[in-house]
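Reviewing the structure listed below.
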2 protein chains.
Amino acid sequence: MNTSPEDYLKNIYIVKETVGKVTTSGLAEKMGITAPAVSDMISKLAKSGHIKNIPYKGFELTKKGEETAINLIRKHRLWEVFLVQELGYEWNKVHDEAEKLEHSSSDELITKLEEYLSFPEYDPHGHPIPDKQGKIIKQKVIPCTELEVGDIAEIREVSDASQEVLGYLTKVGLRLNVKFSVVEKINFDNSVQIEFENQKIFLSEKLAKNIYVRKSS
Amino acid sequence: MNTSPEDYLKNIYIVKETVGKVTTSGLAEKMGITAPAVSDMISKLAKSGHIKNIPYKGFELTKKGEETAINLIRKHRLWEVFLVQELGYEWNKVHDEAEKLEHSSSDELITKLEEYLSFPEYDPHGHPIPDKQGKIIKQKVIPCTELEVGDIAEIREVSDASQEVLGYLTKVGLRLNVKFSVVEKINFDNSVQIEFENQKIFLSEKLAKNIYVRKSS
DNA sequence: GAAAGAAATTAAGCATACTTAAACCTTAAT
DNA sequence: ATTAAGGTTTAAGTATGCTTAATTTCTTTC
Ligand SMILES: [Mn+2]
Ligand SMILES: [Mn+2]
Ligand SMILES: [Mn+2]
Ligand SMILES: [Mn+2]
């Protein structure tokens, strides 16, 4: 499937947020395309003023590029809210639908949708929804892998990329805002064992990395 | 903007419905592209079994092609209902939005949307909405140009292609289900004068052609 | 039934987002 | 300071939906 230039900007923004820095290969990996494709598009987006690029050195979004990225993220997350809250979708099915809808809705439509949904602040995975002006709440969260034994934490965000991860979380009863304590941590494989509602759950590194929490101890 | 193969099928179906027969040039005109582009796509869609084509003679949808067309029309019309009924759009603004949304929504999403909207039978312009099985109500309607002086008629359908026409209709108070009588008909320019709710309105041919009615006298 | 006119198709080429293969920088190790 | 490794960019070429120009086919007219 063909990706739009907008999509590159969005993914640059998100990779920067979650990983810390964006590289050609990192972005290619995330988007499921090859490095030359990314390199190509970066040049184009640099020409159009959405990206500041120094070949072989690195690139970053300009103000203009960031605005475009945030606007697309806004559309994505509002659609996700609609799908879950109004149409009754499971939270692990909405990402792919929103990925398409975000490109097919005018700003005006999104303004109306936002009002229809009563201005939600977070999407179904706990991600903040940018407002019309592009302002976005930045939550201070850490991945479960950074917790220590004895920590008490509350789930604030869950990565929405993997359907399997989200499906598994639902199965074991983990949702947003659930509070738990860390029972055991195995440095060996970066897994953690947690307890909540009187049950113990084992989180592999892969799982733990996708759950973002706020410590409350 | 690039049109998808699906869109050709949809437009073939609609032109067939409204004009009676579909030609390469007719379709090109409707879709705002050139005849060679249509000719090209027809060949491709013939290969994939959506169209039966005899070069230089004509083409028509196969069963498979019609199913695809109807499914897209279904998506289009359900989105239009959503935009008007839920988001409060004017009926002359929804066509363009739906034109994009129809390509970005899975069958599953549309199933859920249809239920959410309580299974509407008609879209905001009076066009019937195909059900999940592709069954579609065929209304027997005639354009206003075919009315005679003295006829009493009720508006059943309005073409949704022209924003201006729809905007004008709203301005003069013409909506779906409005009943009127034909006061005068000028064969000269194919215009008609109608009366409803104690006001007389003049409909040019261009206008009259876009309003479909059911005679009730 | 030949020729003119109209419509459709084919040909050649463009734009865009991709691919693999080759060339090019940068960096880190010896 | 060289060199080797890795990541990045450029080169060359593909797929797709378009364009204009040329060609083919059909239809109408005489
Ligand atoms: Mn998402
Ligand atoms: Mn999300
Ligand atoms: Mn429409
Ligand atoms: Mn409509």
Side-chain angles (χ1 to χ4, degrees), chain A residues 1-16 19-62 65 68-69 72 96 99-100 102-104, chain B residues 1-16 19-62 65 68-69 72 96 99-100 102-104:
Chain A
M1 200 217 287
N2 265 15
T3 324
S4 70
E6 273 189 332
D7 254 324
Y8 284 83
L9 300 173
K10 183 185 69 169
N11 281 295
I12 289 168
Y13 183 93
I14 287 172
V15 170
K16 181 76 189 295
V19 182
K21 77 169 177 182
V22 203
T23 61
T24 303
S25 48
L27 196 56
E29 155 108 56
K30 169 105 205 280
M31 298 181 71
I33 55 181
T34 59
V38 171
S39 205
D40 245 40
M41 186 57 76
I42 295 295
S43 315
K44 287 180 197 164
L45 289 167
K47 257 190 205 140
S48 62
H50 292 90
I51 283 180
K52 199 186 119 210
N53 183 35
I54 305 174
Y56 291 105
K57 290 297 189 176
F59 52 85
E60 59 182 9
L61 297 177
T62 61
T68 306
L72 195 59
D96 292 348
E99 204 61 41
K100 293 180 291 173
E102 66 188 11
H103 300 289
S104 312
Chain B
M1 201 218 287
N2 267 13
T3 324
S4 69
E6 273 188 332
D7 254 324
Y8 284 84
L9 299 173
K10 182 186 70 171
N11 281 297
I12 290 168
Y13 183 94
I14 287 172
V15 170
K16 181 77 189 295
V19 181
K21 78 169 176 181
V22 202
T23 61
T24 303
S25 48
L27 196 56
E29 156 107 55
K30 168 103 204 284
M31 298 182 69
I33 54 182
T34 59
V38 171
S39 206
D40 243 41
M41 186 58 75
I42 296 295
S43 315
K44 287 179 197 167
L45 289 168
K47 258 190 206 141
S48 62
H50 292 90
I51 284 181
K52 199 185 117 207
N53 184 36
I54 304 173
Y56 291 105
K57 288 297 188 177
F59 52 85
E60 60 182 8
L61 296 178
T62 60
T68 306
L72 195 59
D96 292 347
E99 204 62 42
K100 292 178 292 172
E102 67 189 11
H103 300 289
S104 312

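Chain identifiers are assigned alphabetically (A, B, ...) following the order of the sequence lines, protein sequences preceding nucleic acid strands; residue numbering begins at 1 within each chain.
Rounding to whole angstrom units, NE2 of residue A:His103 and P of C:dA17 are separated by 12 Å. A:Asp40 has its CG atom 13 Å from the C1' atom of D:dG13, to the nearest Å. Atom OH of B:Tyr56 is separated from atom C1' of D:dC26 by 9 Å (rounded to the nearest Å). Atom pair A:Met31:CE and C:dT19:C1' shows a separation of 15 Å (rounding to whole Å applied). Going from atom NZ of B:Lys57 over to atom P of C:dA8 covers 13 Å, rounded to whole Å. Between the CZ atom of B:Phe59 and the P atom of C:dA7 there is a distance of 14 Å, rounded to whole Å. The distance from atom CD1 of A:Ile33 to atom P of D:dT14 is 20 Å, rounded to the nearest whole Å. Rounded to whole Å, the distance from CD on B:Glu6 to P on D:dG17 is 11 Å.
Phosphate proximity of C:dA6 to B:Ser25: absent, as no side-chain N or O sits under 4.0 Å from OP1 or OP2. The phosphate of C:dA17 (OP1 or OP2) has no side-chain N or O of A:Ser4 nearer than 4.0 angstrom. Look at A:Tyr8 and you'll find a side-chain N or O under 4.0 angstrom from OP1 or OP2 of C:dC18.
Of all heavy-atom pairs between A:Ala69 and A:Tyr13, the closest is CB-CB, 3.9 Å. Looking at every heavy atom in both residues, B:Tyr8 comes nearest to B:Val38 through CE2-CA, 4.1 Å. Across all non-hydrogen atoms, the minimal contact from B:Lys21 to B:Val15 is O-CG1, 3.8 Å. Nearest approach of B:Leu27 to B:Ile12, heavy atoms of both residues: CD2-CG1, 3.5 Å. Taking each heavy atom of B:Thr62 and B:Ile51 in turn, the nearest pair found is CG2-C, 3.7 Å.
Comparing D:dC18, C:dC18, D:dG17 against the side chain of A:Ala37 picks out C:dC18 as the nearest. The side chain of A:Pro36 sits closest to D:dT10 out of C:dC18, D:dT25, D:dT10. Closest to the B:Lys44 side chain, of the nucleotides D:dT16, D:dT10, D:dT8, is D:dT16. Ranking D:dT9, C:dA8, C:dT10 by closeness to the A:Asn53 side chain, first place goes to D:dT9. You'll find that the side chain of B:Ser43 is closest to C:dT10, out of C:dT9, D:dT10, C:dT10. Distance from the side chain of A:Pro5 is smallest for C:dA17 among the nucleotides C:dA17, C:dT10, D:dT10. Here the side chain of A:Ser39 is nearest to one of C:dA17, D:dT8, C:dT9, namely D:dT8.
In this structure, B:Pro55 reaches the sugar-phosphate backbone alone: every heavy-atom distance under 4.0 Å involves primed, P, OP1 or OP2 atoms, never a base. The residue A:Thr34 sits close to a base: some heavy atom pair falls under 4.0 Å. Nucleic acid contact class of A:Thr23 (heavy atoms, under 4.0 Å, all strands): sugar-phosphate only.
No side-chain heavy atom of B:Glu102 sits under 4.5 Å from any side-chain heavy atom of B:Glu6.
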